[in-house]
Amino acid sequence: MTLYPQPLLSDEDLAELTGYEPNQIQRQMRWLKENGVAFTLRRDGRPRTTWGAYERAMASAGSASSEPNFDALRARATKHQARG
């Protein structure tokens, strides 16, 4: 685990991470949810997360993406059999 001087991402860190400016709160939250990064909301409604939460999400995303989506493969095979 990497140690960071500040465990919480700043507004600027969050903008850099998500690709959305600090005033694009809804888009930042959507990006965090889609990428499995746990976060909480500050009193002002802005998302807040830690570097550790980001690292855990990226580590689990890497392991999940290396496995095939068997459900999608089965559905495709069933669809192909129905045609033929």
Side-chain angles (χ1 to χ4, degrees):
M1 182 172 173
T2 307
L3 296 177
Y4 296 94
Q6 294 290 338
L8 291 175
L9 278 76
S10 67
D11 289 340
E12 293 77 24
D13 292 333
L14 199 53
E16 180 71 25
L17 177 70
T18 63
Y20 295 107
E21 295 299 319
N23 64 339
Q24 297 176 309
I25 296 168
Q26 295 299 319
R27 290 180 176 169
Q28 287 182 341
M29 289 191 303
R30 184 175 57 237
W31 188 95
L32 292 167
K33 287 177 188 175
E34 289 173 354
N35 288 280
V37 180
F39 66 95
T40 188
L41 296 178
R42 298 186 328 194
R43 289 183 74 183
D44 64 2
R46 294 185 177 279
R48 190 58 62 220
T49 191
T50 64
W51 286 109
Y54 169 72
E55 287 180 342
R56 284 188 295 280
M58 295 303 103
S60 66
S63 63
S65 65
S66 64
E67 297 178 16
N69 182 341
F70 292 110
D71 291 332
L73 292 172
R74 282 187 206 101
R76 184 174 179 170
T78 302
K79 186 176 181 181
H80 187 282
Q81 288 173 350
R83 286 187 196 165

Problem set entry | salt bridge (charged side-chain N to carboxylate O under 4.0 Å, His left out) partners for R42, two or more places apart | D11, D44
Only pairs under 3.5 Å count here: list side-chain donor-acceptor contacts from residues 14-32, not counting sequence neighbours, and write none if there are none.
residue, atom, partner, partner atom, Å
T18, OG1, L14, O, 2.9
T18, OG1, Y20, N, 3.2
Q24, OE1, E21, N, 2.9
Q28, NE2, Y20, O, 3.0
Q28, NE2, E21, O, 3.3

Seminar exercise, completed: Note: L8 and R48 closest approach over all heavy atoms is CD2-CG, 4.0 Å
For this session: Apply side chain to side chain contact (heavy atoms under 4.5 Å, CB included) to the pair M58 and N35, showing each step before the final yes or no.
Result: CA-CA 8 Å; M58 295 303 103; N35 288 280; 4.1 Å; yes
Seminar exercise, completed: Taking every heavy atom of A57 against every heavy atom of S60, the minimum-distance pair comes out as O-OG, 3.1 Å
